[in-house]
Visitor: 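After the structure tokens below, expect a handful of questions from me.
All values reported here derive from a predicted model rather than from experimental measurement. In the text below, chain A, chain B and the rest are named by the order of the sequence lines, each starting its count at 1.
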Amino acid sequence: MGRPRHTLPMTRSIDELLTNTVACNTREDLERKLKAGRPLRVKLGVDPSSADLHIGHSVVLRHMRRLQDLGHQAVFIIGQATAMVGDPSGKNAMRPQLTREDVAANAQTYFDQARLILDMDAVEVVYNSSWFDEMGFMDAIRLGGLMTVARMMERDTFEKRYKAGEAIGIHEFFYPLMQGRDSVEVKADIELGGTDQTFNLLVGRDLMREAGLEPQVCLTLPLLRGLDGTQKMSKSLGNAIGLTDPPRDMFGKAMSLPDELMEEWYKLVTDVPAADAAAAIAASPRDAKVDLARRIVATYHGDEAGASAVEEFERIFRQKGLPDEIPESELPGDMVDDDGVWIIRVLTHLGMAASASAARRLVKEGGVRVDGERVNDEQARVAPGTESLVQVGKRRFHRVTVPAR
RNA sequence: GGGGGAAUGCCCGAGCGGUUAAUGGGGACGGGCUGUAAACCCGUUGGCUUUGCCUACGUAGGUUCGAAUCCUACUUCCCCCA
């Protein structure tokens, strides 16, 4: 990670700064700031209420890395204060205030993951509670006076929710204002965010101007669509690849990506030039996806892990072989009687089925194998004094020892 | 302050006194097929050692032979008027 810093001219190419960006407000401002020749302060807000990063987050982080490599200063705002409001772009209830300890712990987890992409040692970290805690009610009123309802309602999520008859809390109006205030406090030159942040970022420009500062440049990046192929990647939607997912999972999930998204993913999560990616996809969609998946694993787990993930995947799915690591466990003796253990019990005990009913269904559907043999009888038992390989579906394996009586 | 609506299974959403664990999507899971955990096709999707039993339609009661469906109260949410 420790690349030499300040070796590239900060002004090298404005186009490089704009790689993958959807919008830049405004290009003129950006050019002017670059001309000054000083490192620019690049702000990124961190939501400390959840700390699990996925490769959707990596789009913005990768961009931050590019800016770091050009010699600019990354500034992370830990949104301790904003976390209690909750970004209106998501779900909307008032969230409980996180304790200082929670926030610190989540921030640390965030950094540990962001380190996979960024040079974290060179990042300036600021908690926005350090100024919001000092603000009184009157200050908040004054802040509120800088915005109008009409402008606030321009924001499409508010507009949609309002028209749909959904509740909008007054406090939610403060979220963009608070985020904008952060920009004033840290004197941001650039703020990065996904396209869903556009409104919030622009409020920062207004508030900076209001405070007599040069407005920040807002760079928005595309939202990576998740594994379902439609919605933006998000952990709660279950369509995400986590930065800390184990290699096998990362690879498999990437392989389940709909073909149509390959080009987009190549562009946003790898460094492969667009033309090369397009050519590879055209030549062989399957090979291109294997390559994409391998690159993703390699980015977070190293080249070796990438290579072995490919190998393992081929083995399991093309040759119907076994994975490298299979969890093993031994059933407690009191589960065993003379005939062994009922297969349904085995499955639920190992967590391979959510309930006995679910286990029965799996058997009925032909999804259960013991030592490679399909189990068709719901009453089947696993004999005592044996070690068996239990398999559910194509990719869940467990080696289980049934003790003798 | 007044008036009107709504709360259903993981999610969305039908049902509006009487087959029925409750139509239909989505998701998830299983099977088939394959170029992959893509696409496509088929199936499953409350619990329980399951020819049956139990628990379910915001909460608590009530009416009824019988309620998710009717009544009352409560809770939460939304809309309109002021």
Side-chain angles (χ1 to χ4, degrees), chain A residues 90-94 160-169 225-231 233-242 245-266 280-297 309-323 335-349 351-370 373-382 390-397:
Chain A
K91 39 214 117 82
N92 32 61
M94 173 82 107
K160 269 187 214 140
R161 279 166 58 192
Y162 188 71
K163 283 188 176 151
E166 285 170 37
I168 298 172
R225 282 185 290 171
L227 299 171
D228 58 4
T230 48
Q231 297 191 268
M233 183 174 286
S234 114
K235 200 186 175 208
S236 56
L237 292 174
N239 64 356
I241 296 181
D245 281 354
R248 192 196 346 162
D249 267 18
M250 238 182 207
F251 193 91
K253 285 181 184 175
M255 288 305 286
S256 77
L257 183 74
D259 287 3
E260 309 82 72
L261 265 67
M262 275 200 272
E263 205 162 330
E264 176 179 325
W265 276 43
Y266 259 111
I281 293 166
S284 163
R286 199 203 83 97
D287 291 349
K289 199 179 287 177
V290 168
D291 178 65
L292 173 62
R294 199 204 83 242
R295 284 173 188 277
I296 291 170
V297 174
V310 175
E311 189 275 323
E312 184 175 14
F313 188 86
E314 304 267 318
R315 177 152 34 87
I316 297 176
F317 293 100
R318 308 192 94 181
Q319 295 151 34
K320 303 210 190 299
L322 302 178
M335 277 180 69
V336 187
D337 59 29
D338 293 337
D339 300 327
V341 184
W342 187 32
I343 183 67
I344 302 302
R345 278 275 151 283
V346 174
L347 295 174
T348 52
H349 182 79
M352 298 179 91
S355 66
S357 300
R360 283 170 184 276
R361 270 178 238 127
L362 284 169
V363 171
K364 214 171 291 175
E365 291 166 345
V368 177
R369 286 168 188 273
V370 173
E373 291 294 316
R374 180 166 285 171
V375 176
N376 293 309
D377 179 8
E378 282 176 37
Q379 297 306 321
R381 306 184 76 84
V382 181
V390 180
Q391 183 179 355
V392 171
K394 294 186 187 75
R395 57 201 172 93
R396 281 136 78 201
F397 300 85

Visitor: Rounding to a whole Å, what distance do you find between A:L292:CG and B:rG35:C1'?
Guide: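 So the CG-C1' distance, A:L292 to B:rG35, works out to 15 Å.
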
Visitor: B:rC48 phosphate, OP1 or OP2: any side-chain N/O from A:R360 under 4.0 angstrom?
Guide: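 Looking at the OP1 and OP2 atoms of B:rC48, neither is under 4.0 Å from any side-chain N or O of A:R360.
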
Visitor: Scan A:P258 against the nucleic acid and name what it touches under 4.0 Å (heavy atoms): base, sugar-phosphate only, or nothing.
Guide: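 Result for A:P258 = sugar-phosphate.
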
Visitor: How is A:L257 classified with respect to the nucleic acid when contacts are heavy atoms under 4.0 Å: base, sugar-phosphate, or nothing?
Guide: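 Sugar-phosphate contact only - A:L257 comes under 4.0 Å of backbone atoms but never of a base.
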
Visitor: To the nearest Å, give me how far apart CD (A:E314) and C1' (B:rA37) are.
Guide: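 A:E314 atom CD is separated from B:rA37 atom C1' by 13 Å.
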
Visitor: Whole-Å distance between B:rU34 P and A:I316 CD1?
Guide: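 For the pair A:I316 CD1 and B:rU34 P, the rounded distance is 20 Å.
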
Visitor: Given A:I296 and A:F251, is the side chain to side chain contact (heavy atoms under 4.5 Å, CB included) satisfied, shown in steps?
Guide: CA-CA 8 Å; A:I296 291 170; A:F251 193 91; over 6 Å; no

Visitor: So what does A:G252 hit on the nucleic acid, given a heavy-atom distance under 4.0 Å: a base, only sugar-phosphate, or nothing?
Guide: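 Base contact.
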
Visitor: Any idea which of B:rG30, B:rU36, B:rG31 is nearest the A:F317 side chain?
Guide: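 My answer, after comparing the listed nucleotides, is B:rU36.
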
Visitor: For nucleotides 21-24 of chain B, print each protein N/O atom paired with a nucleotide N/O atom at under 3.5 Å, atom names and distance only.
Guide:
none

Visitor: Would you mind classifying the nucleic acid contact of A:S357 as base, sugar-phosphate or nothing, using non-hydrogen atoms under 4.0 angstrom?
Guide: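 Since a base atom lies under 4.0 Å of A:S357, the category is base.
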
Visitor: Applying a 4.0 Å non-hydrogen cut-off, can you work out what A:Q379 is touching in the nucleic acid: base, sugar-phosphate, or nothing?
Guide: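 Base, at least one base heavy atom under 4.0 Å.
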
Visitor: Between A:R286 and B:rU36, is there a side-chain N or O to OP1/OP2 distance below 4.0 Å?
Guide: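 Checking A:R286 against B:rU36: at least one side-chain N or O falls below 4.0 Å of OP1 or OP2.
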
Visitor: Consider side-chain contact (heavy atoms from CB on, under 4.5 Å). Of A:M233, A:Q231, A:E264, which one does A:R225 pass it with?
Guide: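 So the option named by the test is A:E264.
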
Visitor: Given B:rG47, is OP1 or OP2 found less than 4.0 Å from the side-chain N or O atoms of A:R361?
Guide: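 It does, given that an N or O in the side chain of A:R361 lies less than 4.0 Å from OP1 or OP2 of B:rG47.
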
Visitor: Could you check how far CG of A:L362 sits from P of B:rA28, rounded to whole Å?
Guide: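 Spelled out: CG on A:L362 to P on B:rA28 is 16 Å.
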
Visitor: Figure out the CG/P separation between A:L227 and B:rC29, and round it to whole Å.
Guide: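 Taking CG of A:L227 and P of B:rC29, I get 11 Å after rounding.
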
Visitor: Report the nucleotide, chosen from B:rC48, B:rU36, B:rG43, that has the shortest atom-to-atom distance to any side-chain atom of A:A356.
Guide: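 Output: B:rC48.
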
Visitor: Tell whether A:D259 reaches the base of B:rG35 with its side chain through a donor-acceptor pair below 3.5 angstrom.
Guide: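 Indeed, a donor on one side and an acceptor on the other fall under 3.5 Å apart.
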
Visitor: Give A:F251 one of three labels, base, sugar-phosphate or nothing, depending on what nucleic acid heavy atoms sit under 4.0 Å from its own.
Guide: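 A:F251: no heavy atom of the nucleic acid under 4.0 Å.
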
Visitor: I'd like to check A:K289 versus A:D259 (side-chain heavy atoms, cut-off strictly below 4.5 Å). Are they in contact?
Guide: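 With C-beta onward as the side chain, the pair touches.
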
Visitor: Give me the stems containing RNA chain B, sorted by first residue, counting only three or more consecutive Watson-Crick or G-U pairs with both distances under 3.5 Å; say none if there aren't any.
Guide: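 In RNA chain B, stems of three or more pairs: B:1-7 with B:75-81, B:10-12 with B:24-26, B:27-32 with B:40-45, B:46-48 with B:52-54, B:58-62 with B:70-74.
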
Visitor: Which listed nucleotide (B:rU49, B:rG35, B:rG32) is nearest to the side chain of A:R374?
Guide: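 That would be B:rG32.
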
Visitor: So what does A:R396 touch, heavy atoms closer than 4.0 Å: a base, only the sugar-phosphate, or nothing?
Guide: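 Sugar-phosphate, no base atom in range.
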
Visitor: Side-chain N or O of A:S355 versus OP1/OP2 of B:rC48: is the shortest distance under 4.0 Å?
Guide: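 So the side chain of A:S355 is within the cut-off, an N or O lying under 4.0 Å from OP1 or OP2 of B:rC48.
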
